[in-house]
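Keep in mind that what you see is a predicted model, and the values were worked out from it rather than measured.
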Amino acid sequence: MRIRATAATAVLLLAALTACGGGDDAAGSKPNEAPATASAPTGEPTPGTVEKGMKFGTAAQTTGDGGTGVLQITPDTVVFTKEGGGETAANGTFVVVTMKDKAMTGAAADEPAPISGGGWKWMAPDGETVTTQVGNAFNVVMDKYNNADPVQPGAWQWRAQVFDLTEAQAKGGTLIYIDGEEKAHRWEMPSTDSGPAVAEVKKQLEF
């Protein structure tokens with residue numbers, strides 16, 4: 001009887017140990033497995049990151065003011081000058097950027113006004129952002145590039161933006177455009193006169 005009791009006790013102990021060991025193996029078989037609630041990568045940019053700018057002269061598809069229509073905007077020519085349109089740059093350098101705006105849908109489209117928070121900005125190499133309302137920039141006008149009406153379907157027009165910058169701000173800046181859906185479009189800018197219409201823009205700037 002003592003032999004049978006001992007054998008029975010051994011069997012029970014072995015079963016208990018096996019059950020405990022099985023539980024540990026199941027829990028530890030995948031130590032690096034992510035929790036079930038973890039989300040898979042979506043491919044979207046991480047919040048707070050800055051998208052790399054497009055090359056100057058590259059066209060961007062943008063949403064029109066108020067979310068109406070689509071404007072294809074192509075920065076075309078940039079000119080750096082101390083004087084233009086009878087004005088002198090208050091901060092040292094006018095940066096004049098021309099662009100071609102083309103309506104891409106059956107609806108007229110326009111650029112958002114700066115007062116709405118949209119439109120054009122210049123980001124200096126140190127990250128400071130400058131609008132077209134700084135210094136004497138707003139007073140520089142060129143006849144050919146002074147269009148401001150909504151672009152009608154199938155049509156396009158020349159426009160221009162002027163920034164009044166310090167010499168440091170003008171070197172290697174980034175041109176930023178905020179469209180009708182508050183999406184930022186960015187172009188890495190050259191630090192010298194560039195584009196196919198440099199001579200024409202300089203002539204337009206003569207007073």
Side-chain angles (χ1 to χ4, degrees), residues 53-65 70-103 109-125 127-151 156-167 169-207:
M54 295 177 283
K55 182 179 178 181
F56 182 67
T58 302
Q61 304 296 319
T62 74
T63 303
D65 186 28
V70 174
L71 276 180
Q72 182 187 75
I73 299 180
T74 309
D76 180 77
T77 296
V78 59
V79 169
F80 298 79
T81 181
K82 294 183 181 301
E83 297 180 347
E87 298 290 335
T88 300
N91 296 312
T93 304
F94 284 133
V95 178
V96 182
V97 185
T98 68
M99 59 278 301
K100 181 179 180 180
D101 284 15
K102 181 179 181 180
D110 200 3
E111 296 180 4
I115 194 173
S116 69
W120 297 91
K121 297 174 176 60
W122 180 278
M123 187 172 73
E128 182 180 6
T129 302
V130 182
T131 71
T132 57
Q133 310 302 306
V134 172
N136 294 326
F138 189 75
N139 297 320
V140 178
V141 178
M142 299 179 291
D143 290 340
K144 179 176 178 178
Y145 300 96
N146 196 35
N147 297 295
D149 296 327
V151 185
W156 63 272
Q157 60 182 232
W158 289 113
R159 296 191 180 194
Q161 299 295 331
V162 183
F163 301 91
D164 191 336
L165 307 173
T166 65
E167 184 178 351
Q169 290 171 335
K171 288 184 177 180
T174 301
L175 184 67
I176 300 175
Y177 173 71
I178 310 296
D179 71 9
E181 288 185 338
E182 299 184 354
K183 179 180 179 181
H185 305 268
R186 304 158 57 90
W187 292 266
E188 297 302 325
M189 298 297 290
S191 56
T192 58
D193 297 349
S194 302
V198 169
E200 182 181 38
V201 171
K202 287 185 175 180
K203 186 173 182 179
Q204 288 275 319
L205 288 170
E206 293 177 359
F207 187 71

*Asks:* Measuring from Thr131:OG1 to Ile115:CD1, what's the distance to the nearest 0.5 Å?
*Replies:*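 One finds 12.0 Å between OG1 of Thr131 and CD1 of Ile115.
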*Asks:* Between Ala59 and Gln72, which heavy-atom pair has the shortest distance, and what is it?
*Replies:*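 Result for this residue pair: CB-CG, 3.9 Å.
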*Asks:* Measuring from atom NZ of Lys144 to atom CH2 of Trp158, what distance do you get when rounded to the nearest 0.5 angstrom?
*Replies:* 6.5 Å
*Asks:* Quick check against the 3.5 Å criterion: does Thr98 have a side-chain atom that pairs as donor or acceptor with the backbone of Thr77?
*Replies:*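 Side chain of Thr98 to backbone of Thr77, a donor-acceptor pair under 3.5 Å: yes, one is there.
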*Asks:* Within the distance-only criterion (no hydrogens, no angle test), does the side chain of Thr88 pair as donor or acceptor with the backbone N or O of Glu83 below 3.5 angstrom?
*Replies:* no
*Asks:* Determine the interplanar angle of the Trp122 and Phe80 rings, folded into 0 to 90°, and report it as parallel if under 30°, tilted if 30 to 60°, perpendicular if over 60°.
*Replies:* perpendicular
*Asks:* Answer yes when Asp76 and Lys100 have at least one side-chain N-carboxylate O distance shorter than 4.0 Å, and no when they do not.
*Replies:* no
*Asks:* Between Asn136 (side chain only) and Asn139 (backbone N and O only), is there a donor and an acceptor less than 3.5 Å apart?
*Replies:* no
*Asks:* Any idea which heavy atoms bring Thr74 and Gly57 closest together, and the distance?
*Replies:*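 For Thr74 and Gly57, the tightest heavy-atom pair comes out as CG2-O, 3.3 Å.
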*Asks:* Side chains of Arg159 and Gln157 only: does a donor on one sit below 3.5 Å from an acceptor on the other?
*Replies:* yes
*Asks:* At their closest point, which heavy atom of Pro112 faces which heavy atom of Gly180, and how far apart are they?
*Replies:*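 The pair with the smallest heavy-atom distance is CG-N, 3.7 Å.
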*Asks:* How close do Ala137 and Val162 get, heavy atom to heavy atom, and via which atoms?
*Replies:* CB-O, 3.2 Å
*Asks:* Test your reading of the model: is there a side-chain donor-acceptor pair from Thr166 to the backbone of Gln169, 3.5 Å cut-off?
*Replies:*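 Here the side-chain-to-backbone pair exists.
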*Asks:* Check this for me: Glu182, atom CD, are more than 12 non-hydrogen atoms of other residues, nucleotides or ligands nearer than 6.0 Å?
*Replies:* no
*Asks:* How long is the span from the CD atom in Glu188 to the CE atom in Met54, to the nearest 0.5 Å?
*Replies:*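 It is 10.0 Å, given to the nearest 0.5 Å.
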*Asks:* Keeping the roles fixed (side chain from Gln204, backbone from Asp143), state whether a donor-acceptor pair exists under 3.5 Å.
*Replies:*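 Present.
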*Asks:* For the pair Thr58 (side chain) and Phe56 (backbone), establish whether a donor and an acceptor sit closer than 3.5 Å, ignoring hydrogens and angles.
*Replies:* no
*Asks:* Which heavy atom of Ala184 sits nearest a heavy atom of Ile176, and at what distance?
*Replies:*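 For Ala184 and Ile176, the tightest heavy-atom pair comes out as CB-CG2, 4.3 Å.
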*Asks:* When rounded to the nearest 0.5 angstrom, what is the spacing between OG1 in Thr81 and CG in Asp193?
*Replies:*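 With rounding to 0.5 Å, OG1 (Thr81) is 8.0 Å from CG (Asp193).
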*Asks:* Set out, in order, the CA-CA distance, both residues' side-chain angles and the distance that settles side chain to side chain contact (heavy atoms under 4.5 Å, CB included) for Trp156 and Asp101, then state yes or no.
*Replies:* CA-CA 5 Å; Trp156 63 272; Asp101 284 15; over 6 Å; no
*Asks:* Using a strict threshold of under 4.0 Å (side-chain N to carboxylate O), is an ion pair present between Glu206 and Lys202?
*Replies:* no
*Asks:* Looking at side-chain heavy atoms only, is the closest gap between Leu175 and Phe163 below 4.5 Å?
*Replies:*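 Yes; the side chains approach each other to less than 4.5 Å.
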*Asks:* Set out, in order, the CA-CA distance, both residues' side-chain angles and the distance that settles side chain to side chain contact (heavy atoms under 4.5 Å, CB included) for Met189 and Thr174, then state yes or no.
*Replies:* CA-CA 5 Å; Met189 298 297 290; Thr174 301; 5.7 Å; no
*Asks:* Would you please test Trp120 and Glu111 for side chain to side chain donor-acceptor pair (under 3.5 Å) and show each step?
*Replies:* CA-CA 9 Å; Trp120 297 91; Glu111 296 180 4; 2.9 Å; yes
*Asks:* Would you find more than 12 non-hydrogen atoms of other residues, nucleotides or ligands less than 6.0 Å from Gln61 atom CD?
*Replies:* yes
*Asks:* Say whether, by atom type as modelled, one donor and one acceptor occur between the side chain of Asn91 and the main chain of Asp164 under 3.5 angstrom.
*Replies:*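 Answer holds: yes.
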*Asks:* Given Tyr145 and Glu200, is the side chain to side chain donor-acceptor pair (under 3.5 Å) satisfied, shown in steps?
*Replies:* CA-CA 11 Å; Tyr145 300 96; Glu200 182 181 38; 3.1 Å; yes
*Asks:* Looking at every non-hydrogen atom in both residues, tell me the closest pair between Gly135 and Ala90 and how far apart they are.
*Replies:* CA-CB, 4.1 Å
*Asks:* Should Leu205 and Val96 count as side-chain neighbours, where that means a heavy-atom distance under 4.5 Å?
*Replies:* yes
